[in-house]
Protein chains: 2
Amino acid sequence: MRATDLRIIKTKSALKEALTNLLKKKALNSISVTEICRLANVNRGTFYSHYGQVGDLFEEFFRDLMTDLTDSYLEPYKHVQILQTDELNPDTIRIFHHIEKNSEFYRIVFSESVPISYYYLLFHHVQELIKNDMHLHGETGVDAAMLSAYQANAILGVVIEWSRQNFRQSAAELSGILVRILNFQFRGMKARPGDNGSPAGQPGLSGTGEHE
Amino acid sequence: MRATDLRIIKTKSALKEALTNLLKKKALNSISVTEICRLANVNRGTFYSHYGQVGDLFEEFFRDLMTDLTDSYLEPYKHVQILQTDELNPDTIRIFHHIEKNSEFYRIVFSESVPISYYYLLFHHVQELIKNDMHLHGETGVDAAMLSAYQANAILGVVIEWSRQNFRQSAAELSGILVRILNFQFRGMKARPGDNGSPAGQPGLSGTGEHE
DNA sequence: ACTTTTATTATACAAGTGTCCATTAAAAAG
DNA sequence: CTTTTTAATGGACACTTGTATAATAAAAGT
């Protein structure tokens with residue numbers, strides 16, 4: 001069962017193409033294996049020799065996106081030194097751009113009757129990105145799994161709300177909103193004369209600022 | 001179709017009882033309508049006259065829990081005046097106790113192949129609780145929907161991680177972990193002599209402290 | 001080009017799904 | 001207690017699901 005067998009490649013891409021087309025017209029959870037195979041001209045038994053269910057086929061799209069997300073995430077931290085909560089460059093939060101770019105896809109991931117497993121894929125991916133980032137900045141004294149879970153899901157909360165509002169804001173606007181949220185959380189410490197010490201960078205995002 | 005018709009009450013409770021028993025032995029997504037009806041001695045057509053799918057029956061359990069969650073949530077804010085990020089009474093965060101008490105149920109809600117809609121029910125409920133709480137404390141200058149989404153999902157991120165670790169910590173321990181996370185986020189502003197001003201209460205939770 | 005390997009097909013099966021309708025029986029209304 | 005209302009039943013329908021197996025055909029290996 002070499003993965004390079006031409007027959008396998010042909011079958012799989014036919015199935016993916018069929019699913020892509022069906023997703024333009026109906027919800028993921030209402031698409032049947034039979035339907036995909038009919039459209040792809042592939043025997044139903046062949047489908048089951050490659051995938052267990054419709055979702056497994058959909059998941060293959062997901063893997064590619066997660067790679068792109070990694071790239072989107074790492075970018076802003078190249079400029080982490082110049083970040084100030086007050087003047088965060090809206091373009092910095094690339095994660096919103098990544099989602100905006102693929103909003104067609106994320107619309108499905110966040111839709112009601114889809115299994116939560118896709119959300120978990122996204123969540124765990126962001127969590128890992130944050131956790132890796134934390135290690136770069138040394139020990140925090142806080143349970144790393146819990147802290148990263150808190151921070152990752154906080155961002156995704158904003159994204160969920162964004163998708164619930166049909167992605168009507170631009171990614172740049174979303175970044176602005178996030179900045180205001182972070183500022184609000186830290187409102188106790190700013191605007192205090194003679195107290196201009198770097199206020200923990202982007203704690204809402206990775207929690208790993210540039211100080212200490 | 002008065003909701004008080006004895007036949008309806010009898011049928012519905014028989015179906016619920018059957019589902020409850022089945023859930024002790026197998027996953028929600030692997031339980032069929034046929035199976036429930038067989039166990040409940042209810043005609044399959046009768047099931048469909050009340051519910052559209054197995055999930056709709058499960059959702060009825062959920063409604064009750066959300067009421068209990070409201071009670072659990074409101075409790076700690078009766079003591080909000082005495083809250084300090086440094087010495088937050090672990091018992092204060094009742095939401096963890098609520099989940100611990102019903103962990104049997106939440107284990108299902110957070111399990112992989114279940115639809116994300118249940119998570120949304122929980123998320124939106126917590127979001128509303130936080131939003132109401134925000135209004136009590138006046139305008140924030142931040143998009144209320146986005147801020148509450150951020151804060152609600154942050155807490156749920158910790159809960160997801162908790163369930164992923166099979167709820168091995170106690171609710172009290174979880175509260176302690178949350179306190180440490182919040183302290184970490186605010187580490188830039190504490191231990192600064194002569195700067196003992198209430199540090200924004202519980203921003204990670206509701207973001208509405210007691211100052212201003 | 002020929003042989004070997006194996007992915008794909010056609011077909012069949014038992015089981016579940018969602019929907020419909022005529023019949024039955026239990027509850028509500030008088 | 002009798003009548004009226006309507007929930008529940010039993011049976012049937014076309015359809016999807018997941019699995020299995022022998023036959024076919026396309027690719028890989030020599």
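Note that the structure is predicted; figures quoted are calculated from it, not measured. Just so we're on the same page: letters track the sequence lines, and every chain starts at 1.
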*Asks:* Between S175(A) and H97(A), do the side chains contain an N or O donor and an N or O acceptor separated by less than 3.5 Å?
*Replies:*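 No.
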*Asks:* Taking only Lys NZ, Arg NE, NH1 and NH2, and the carboxylate oxygens of Asp or Glu, determine whether R164(B) and E161(B) approach each other closer than 4.0 Å.
*Replies:*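 Judged by the 4.0 Å cut-off on N to carboxylate O distance, R164(B) and E161(B) do form a salt bridge.
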*Asks:* Is the distance from OP1 or OP2 of dT9(C) to the nearest side-chain N or O of T46(A) less than 4.0 Å?
*Replies:*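 Answer yes for this pair, as a side-chain N or O of T46(A) is under 4.0 Å from OP1 or OP2.
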*Asks:* Should the ring pair F62(B) and Y118(B) be called parallel, tilted or perpendicular, given that the plane angle runs from 0 to 90° and is split at 30 and 60?
*Replies:*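 Judged by the thresholds at 30° and 60°, the geometry between F62(B) and Y118(B) is parallel.
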*Asks:* Describe, in one word, how the ring planes of H124(A) and Y120(A) are oriented to each other, choosing from parallel (under 30°), tilted (30 to 60°) and perpendicular (over 60°).
*Replies:*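 Because their plane-to-plane angle lies in the 30° to 60° range, the rings of H124(A) and Y120(A) count as tilted.
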*Asks:* Could you state the CZ-P distance from F47(A) to dT19(D), rounded to the nearest angstrom?
*Replies:* 12 Å
*Asks:* Choose from dT9(C), dT8(C), dA8(D) the nucleotide whose nearest atom is closest to any side-chain atom of S49(B).
*Replies:*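 Minimum distance to the S49(B) side chain belongs to dA8(D).
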*Asks:* To the nearest Å, give me how far apart CD1 (I9(B)) and P (dA8(D)) are.
*Replies:* 10 Å
*Asks:* Could you tell me how far apart Y51(A) (OH) and dT8(C) (P) are, to the nearest whole angstrom?
*Replies:* 10 Å
*Asks:* Taking the basic N atoms (NZ, or NE/NH1/NH2) and the acidic carboxylate oxygens, is any pair closer than 4.0 Å for E35(A) and K26(A)?
*Replies:*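 Looking at K26(A) together with E35(A), the answer is yes, because their closest N to O distance falls below 4.0 Å.
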*Asks:* Please encode protein proximity along nucleotides 12-18 of chain C as a string of B, S and -, counting only heavy-atom distances under 4.0 Å.
*Replies:* B---SBB
*Asks:* Under 3.5 Å, which protein N or O atoms sit close to an N or O of nucleotides 25-27 of chain C? Give each pair with its distance.
*Replies:*
unit_1  : atom_1 : unit_2 : atom_2 : d
dA26(C) : N3     : R7(B)  : NH1    : 2.9
dA27(C) : OP1    : K10(B) : NZ     : 3.4

*Asks:* Check whether more than 12 heavy atoms from other residues, nucleotides or ligands sit under 6.0 Å from atom CD of E17(A), and answer yes or no.
*Replies:*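 Incorrect, the count does not exceed 12.
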*Asks:* Tell me the interatomic distance from I36(A), atom CD1, to dC15(D), atom P, rounded to whole angstroms.
*Replies:* 19 Å
*Asks:* Does a donor on one side chain and an acceptor on the other come within less than 3.5 Å for Q151(A) and Q127(A)?
*Replies:*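 Q127(A) and Q151(A) do not have a side-chain donor-acceptor pair below 3.5 Å.
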*Asks:* Does a nitrogen or oxygen in the side chain of H50(B) sit under 4.0 Å from OP1 or OP2 of dA7(D)?
*Replies:* no
*Asks:* Kindly indicate whether the side chain of N43(B) and the base of dA8(D) share any N or O donor-acceptor pair separated by less than 3.5 Å?
*Replies:*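 No, no donor-acceptor pair under 3.5 Å.
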*Asks:* Can a salt bridge be assigned to the pair E128(B) and K131(B) using a cut-off of 4.0 Å between side-chain N and carboxylate O?
*Replies:* yes
*Asks:* Parallel, tilted or perpendicular: which one describes the rings of F123(B) and Y119(B), with boundaries at 30° and 60°?
*Replies:*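 Correct class here is parallel.
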